> 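Take a look at this one; I'll ask things after.
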Protein chains: 2
Amino acid sequence: MARKSGSDGKKTARELRGAATRLFAKYGYAAVSMRQIATEVGVQAGALYLYTPDKQTLLYQIMDRHMDDLLDAWQEESAALGDDPMAKIEQFVRFHIRFHLNRGDEIFIAYMELRNLSEENFELIEQKRRAYEGLLGDILKEGNASGRFALCDTKLSSYAIIAMLTGVSTWYKGDGRLSLDKIEEVYLCMVRGLVSEGGAKTQSSR
Amino acid sequence: MARKSGSDGKKTARELRGAATRLFAKYGYAAVSMRQIATEVGVQAGALYLYTPDKQTLLYQIMDRHMDDLLDAWQEESAALGDDPMAKIEQFVRFHIRFHLNRGDEIFIAYMELRNLSEENFELIEQKRRAYEGLLGDILKEGNASGRFALCDTKLSSYAIIAMLTGVSTWYKGDGRLSLDKIEEVYLCMVRGLVSEGGAKTQSSR
DNA sequence: GTCTATAGAAGGATAGAC
DNA sequence: GTCTATCCTTCTATAGAC
């Protein structure tokens, strides 16, 4: 793999993924052409195929890498946590908001472009998506079983929490009236209300 | 406007909107071709342009009609309501879930294809979308002002509630373990938890 | 490693026959 | 009101020069 001076394959590959991520998020996978991506990267369209076999694989790799990052980051973040379900869910809320706000483009793609994955690729991503949702589901189950939570419904509570947390990405603009800390605090407050329905309020450590 | 027997313009126009709605929801606006739509309708591609000036207008009309239906339906549904914010929000929750589950395709389009609207069309739709979200916002403001609710944050609560309610569309399949009634009940329960945080629980009339 | 050139398919939209 | 035929553009992906 001889390399000319002045060119850098690794860098171009990175820029390709970056450009594709930005453009897919902004205009949608189907609406973005390889030519557009090439222009953004600063190379000719044909040159892209040195770095990806096709457009579909480009989409899949963006989503797959995102899911891996997400799952790995939670592994790391949750390692030091004890057994208290309330502490766990608070950590999860903070984690989800923070992680997702830092990656607006990837999130958008992850939620909008599932249907543009090939059948096989969809299955692979869907599996990881379910694994992530299962993390929250497990916390809720534990909390409900131990009596720490009083859920309206375990499964639906997990859907509702994921939906409201992910929804932050749809309106958050870094320049608003609310700091990231304040947003986390408000969502913690709301999630506490959700998991404690019908029972005594448990004030957390925050 | 002479018309041959055996053909029916009104009917074809209706079928065009129906086919476009189904296909846009399933594959995405950008990924669907006019030829595909024509095949679904059962006419030739050229014939579509008797009923719509272009593809963009087709998308806009689907979304605009949907928003009008939504706003009109709430007008009707809320007309008989009194002043109690808790009664209002319960009605809103039921209404939103029921309305949206009956129109999975339109919802999907309304939330996924905003970015494929032209700039002017986007503004028009966005205006109606904000009007709808404002309905919930007003209920929350009233409830908070009267002390009936104890919200973590008025604006964010409305975002969170809309997000969790709309999220139902993403997992609901008419054949699941949960009936529509049960789903409404669970979401009512969760929303009560959300609006009553930190204060005494108010048991509603259900 | 990137370029130009191009194959080959498909797209939106229009014209004119019937 | 619908058809066939077609214009013109754009697309993904490949071939081969440098």
Side-chain angles (χ1 to χ4, degrees), chain A residues 1-24 26-62 109 113 115-121, chain B residues 1-24 26-62 109 113 115-121:
Chain A
M1 211 194 285
R3 181 181 298 165
K4 276 199 239 170
S5 68
S7 64
D8 185 342
K10 284 271 164 52
K11 181 164 165 251
T12 307
R14 220 173 24 247
E15 284 173 358
L16 166 57
R17 282 193 306 273
T21 302
R22 274 192 305 279
L23 290 170
F24 287 168
K26 189 163 183 184
Y27 303 108
Y29 170 79
V32 172
S33 70
M34 294 298 269
R35 280 174 173 77
Q36 267 178 281
I37 299 173
T39 303
E40 182 95 357
V41 175
V43 301
Q44 295 296 315
L48 295 185
Y49 292 87
L50 294 168
Y51 305 98
T52 181
D54 51 33
K55 196 182 169 191
Q56 166 69 207
T57 303
L58 202 48
L59 175 63
Y60 169 68
Q61 282 176 346
I62 290 169
I109 293 172
E113 303 296 355
R115 63 182 167 188
N116 282 314
L117 288 170
S118 69
E119 209 165 324
E120 315 94 89
N121 287 344
Chain B
M1 209 195 286
R3 182 178 299 166
K4 274 198 242 173
S5 69
S7 63
D8 185 341
K10 284 269 162 53
K11 183 164 163 252
T12 306
R14 221 173 25 246
E15 285 173 358
L16 167 56
R17 282 193 307 273
T21 302
R22 273 192 305 280
L23 290 170
F24 288 168
K26 189 163 183 186
Y27 303 108
Y29 171 78
V32 172
S33 71
M34 295 298 270
R35 283 174 173 79
Q36 266 179 280
I37 299 172
T39 302
E40 182 95 356
V41 174
V43 301
Q44 294 296 314
L48 295 185
Y49 292 87
L50 294 169
Y51 305 98
T52 182
D54 51 33
K55 195 183 169 189
Q56 165 69 206
T57 303
L58 202 48
L59 175 63
Y60 170 68
Q61 283 176 346
I62 289 169
I109 294 172
E113 303 296 354
R115 63 181 167 189
N116 283 314
L117 288 170
S118 70
E119 208 164 326
E120 315 94 90
N121 287 344

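Reminder, nothing fancy here: chain letters follow the sequence lines and each chain counts from 1. All values derive from a computational prediction rather than experimental measurement.
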> Is the shortest heavy-atom distance from the side chain of Leu59(B) to the side chain of Asn121(B) under 4.5 Å?
no
> Just the rounded figure in Å: distance from C1' of dC3(C) to CD of Gln44(A).
6 Å
> Checking Arg14(A) now: which residues fulfil salt bridge (Lys or Arg N to Asp or Glu O under 4.0 Å) with it, not counting sequence neighbours?
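If we apply the salt bridge (Lys or Arg N to Asp or Glu O under 4.0 Å) test to Arg14(A), skipping adjacent residues, there are no hits.
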> Over all heavy atoms of both residues, which pair between Ala19(A) and Val41(A) is shortest? Give the atoms and the distance, please.
CB-CG2, 3.7 Å
> Ignoring backbone atoms, test whether Thr12(A) places a side-chain nitrogen or oxygen under 4.0 Å from the OP1 or OP2 oxygen of dG1(C).
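Checking dG1(C) against Thr12(A), no side-chain N or O comes under 4.0 Å of OP1 or OP2.
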> For the backbone of Leu16(A) and the side chain of Glu40(A), can you confirm whether one donor and one acceptor N or O come within less than 3.5 Å of each other?
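The answer is no, because no donor-acceptor pair under 3.5 Å joins these two groups.
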> Provide, to the nearest angstrom, the distance between the CD atom belonging to Glu15(B) and the P atom belonging to dG1(D).
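Computing the Glu15(B):CD to dG1(D):P distance gives 14 Å.
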> Report, one pair per line, the protein and nucleotides 8-14 of chain C atoms (nitrogen or oxygen only) whose separation is under 3.5 Å.
residue : atom : partner  : partner atom : Å
dG11(C) : OP1  : Ser33(B) : OG           : 3.4
dG12(C) : OP1  : Val32(B) : O            : 3.4
dG12(C) : OP1  : Met34(B) : N            : 3.4
dG12(C) : OP1  : Lys55(B) : NZ           : 3.1
dG12(C) : OP2  : Met34(B) : N            : 2.6
dG12(C) : N7   : Arg35(B) : NH1          : 3.0
dG12(C) : O6   : Arg35(B) : NH2          : 3.2
dA13(C) : OP2  : Tyr49(B) : OH           : 2.8
dA13(C) : OP2  : Lys55(B) : N            : 3.3
dA13(C) : O5'  : Tyr49(B) : OH           : 3.4

> Just the rounded figure in Å: distance from P of dC11(D) to OH of Tyr27(A).
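For the pair Tyr27(A) OH and dC11(D) P, the rounded distance is 13 Å.
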> Looking at every heavy atom in both Ile37(B) and Val32(B), which two are closest together, and how far apart are they?
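Closest heavy-atom pair between Ile37(B) and Val32(B): CG1-CG1, 3.7 Å.
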> Please report, rounded to the nearest Å, how far the P atom of dT4(C) is from the CG atom of Leu48(A).
13 Å
> Which atoms form the tightest heavy-atom contact between Tyr29(B) and Lys55(B), and what is the distance?
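Shortest heavy-atom separation between Tyr29(B) and Lys55(B) comes out as O-NZ, 3.1 Å.
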